[in-house]
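Take a look at the structure set out below.
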Amino acid sequence: MEEPGFPITRTALSLSGMTVAAVSVDPEGLDVAAGFRNAPEAALAVVTPGQQAPLGMTMSTPRRLALIAWARRNGAWIIEDDYLSELQLEGRAAPALASLDSGGRVLHIGSFSKTISPTLRLGFLVVPPDHARRFGELAACLAPAPSVSVQYAVAAFLREGHYLRHLRHMKRLYATRRSALLRCLGKVASNSLTVTPTAGLAVVIHLPEVASDATIASRALSFGLAPCPLSLWYMQSASQQGLLLGVTNLNEQRLPAECHRLAELVR
């Protein structure tokens, strides 16, 4: 699994009885060669190749092909977590890893929580055709299915082209909000803070090693702010200290005051 990576995914894998090995990422995404060295007996890789969660880089084509070749050679599986789908604020979204897989080793998962609404509680799983029935049976046993009317409505929303128009609108809106957040942070950030936008829906503030991102995030709650500690996304003890700031639900009128408050808490 990627390091850093989504904490709930890591917990779910552990609860399933799996031993999770952390593999570092770089500007090309998961370091596949490092994964081969660190976990030579691995049976599963969980990746976010479209937009790495949480740092936002896209996995390069050579890395994608190497990972698929490994899965085919070892009879292993790849879970492609497409958590943001087409909702990429910089450039065009990369094709799915599954589109390169001719051997049926990639399980493509995603949801409509970020692209439409989390209240739908609606996700999807794309698997090789030979396994579709089995995965359908398992999914039905693990969680109750969303209502049929919701599924039909989303299917029509997709089929009639409304989904792509909605995504284009939301990408413009979120890009505007992210620009506003970056401007405000630029005015209040000190020399010790590094602010990095991701291709996804977050901005990363890297903190000095002496800082505690968990403490800052906890104190921020009393001021109506909810940054996510970056350290929670790491398995290793020498984790990176930082804050993840979402850009989707900002109030631009309150943004200058809230950025100032966050900077004060960091200092």
- Task: Classify the angle between the aromatic ring planes of F112 and F124 as parallel (below 30°), tilted (30 to 60°) or perpendicular (above 60°).
- Result: tilted
- Mind checking the CZ-CG spacing from R64 to L97? Nearest 0.5 Å is all I need. 6.0 Å
- Just do the salt bridge (Lys or Arg N to Asp or Glu O under 4.0 Å) check on R261 and E258 with the steps written out, would you? CA-CA 5 Å; R261 172 63 67 184; E258 291 175 341; over 6 Å; no
- If you look at every heavy atom in Q151 and P146, which pair is closest and at what distance? NE2-O, 3.0 Å
- Task: Assess the side chains of H131 and R134: does a donor N or O sit below 3.5 Å from an acceptor N or O?
- Result: no
- Query: Got a sec: does the CD of E137 have more than 12 other heavy atoms crowding it under 6.0 Å?
  - Reply: yes
- Message: For a quick test of reading the model, state the closest non-hydrogen atom pair linking L167 to E86 and the distance between them.
- Response: CD1-CB, 3.6 Å
- Determine, for R63 against D26, whether the closest basic-nitrogen to carboxylate-oxygen distance falls under 4.0 angstrom. yes
- Query: Looking at the rings of F6 and Y83, which for Trp means the six-membered one, are their centres under 6.0 Å apart?
  - Reply: no
- Compute whether any side-chain donor of one residue and acceptor of the other, for T48 and E2, lie under 3.5 angstrom apart. yes
- Message: Check this for me: E160, atom CD, are more than 12 non-hydrogen atoms of other residues, nucleotides or ligands nearer than 6.0 Å?
- Response: yes
- Message: For residues M57 and M59: do they belong to one hydrophobic cluster (side chain heavy atoms under 4.5 Å, members Ile, Leu, Val, Met, Phe, Trp, Tyr)?
- Response: no
